[in-house]
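Notes to accompany the following structure.
Everything numeric here is computed off the predicted structure, so don't read it as measured data.
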Amino acid sequence: MSARIDPLARVDPSAVLADGVEVGPFAFVGPKASLGPGTVVMHHGSVHGWTRMGAGNRVWPYACVGGDPEQGFERAHVLVVAGPDDGAL
């Protein structure tokens with residue numbers, strides 16, 4: 001099994017997508033992203049920056065995960081880690 005990427009999605013070639021990942025139309029996955037098995041990025045969802053998502057996560061339509069921080073933190077290095085969908089985190 002491999003990742004399913006809609007032809008209208010934009011996924012950076014260096015992004016790491018595990019088996020069973022689904023990326024919907026008009027979704028974006030950036031170069032530093034790592035998506036675990038069964039993670040779904042729905043239409044128009046975006047995954048940016050240093051983001052690691054475990055198994056079974058969902059990025060809902062129009063959601064942005066790992067984007068730039070709020071004003072005043074322009075030089076901050078942000079790491080987003082989302083665990084598996086098992087209630088562990």
Side-chain angles (χ1 to χ4, degrees):
M1 178 189 279
S2 61
R4 290 185 357 192
I5 302 170
D6 188 280
L8 297 174
R10 296 293 177 253
V11 178
D12 191 276
S14 65
V16 178
L17 306 181
D19 286 344
V21 167
E22 296 180 28
V23 182
F26 305 106
F28 172 81
V29 180
K32 298 175 185 82
S34 175
L35 306 180
T39 292
V40 176
V41 182
M42 297 177 190
H43 68 88
H44 296 90
S46 297
V47 182
H48 298 265
W50 296 91
T51 300
R52 289 192 318 239
M53 301 184 93
N57 286 281
R58 301 286 183 265
V59 178
W60 294 91
Y62 304 100
C64 177
V65 178
D68 291 337
E70 292 291 329
Q71 180 177 339
F73 296 95
E74 289 86 7
R75 296 180 186 199
H77 180 76
V78 178
L79 169 65
V80 177
V81 179
D85 189 17
D86 62 3
L89 294 180

- More than 12 foreign heavy atoms under 6.0 Å from CZ of Arg58: is that the case here? yes

- For the student: nearest non-hydrogen atoms of Gly66 and Thr51, plus distance: CA-OG1, 3.6 Å

- Message: Give me the atom names and distance for the closest heavy-atom approach of Met53 to Thr39.
- Response: SD-CG2, 4.4 Å

- Message: Measuring from atom NZ of Lys32 to atom OG of Ser34, what distance do you get when rounded to the nearest 0.5 angstrom?
- Response: 13.5 Å

- Item | Whichever hydrophobic residues join Val40 through chains of side-chain contacts under 4.5 Å | Met42, Trp60

Only distances under 3.5 Å count here; give the side-chain donor-acceptor pairs of residues 9-31 to other protein atoms, sequence neighbours excluded, each with its distance to 0.1 Å.
from, atom 1, to, atom 2, distance (Å)
Asp12, OD1, Ser14, N, 2.8
Asp12, OD1, Ser14, OG, 2.6
Ser14, OG, Pro31, O, 3.1
Glu22, OE1, Arg4, NH2, 3.4

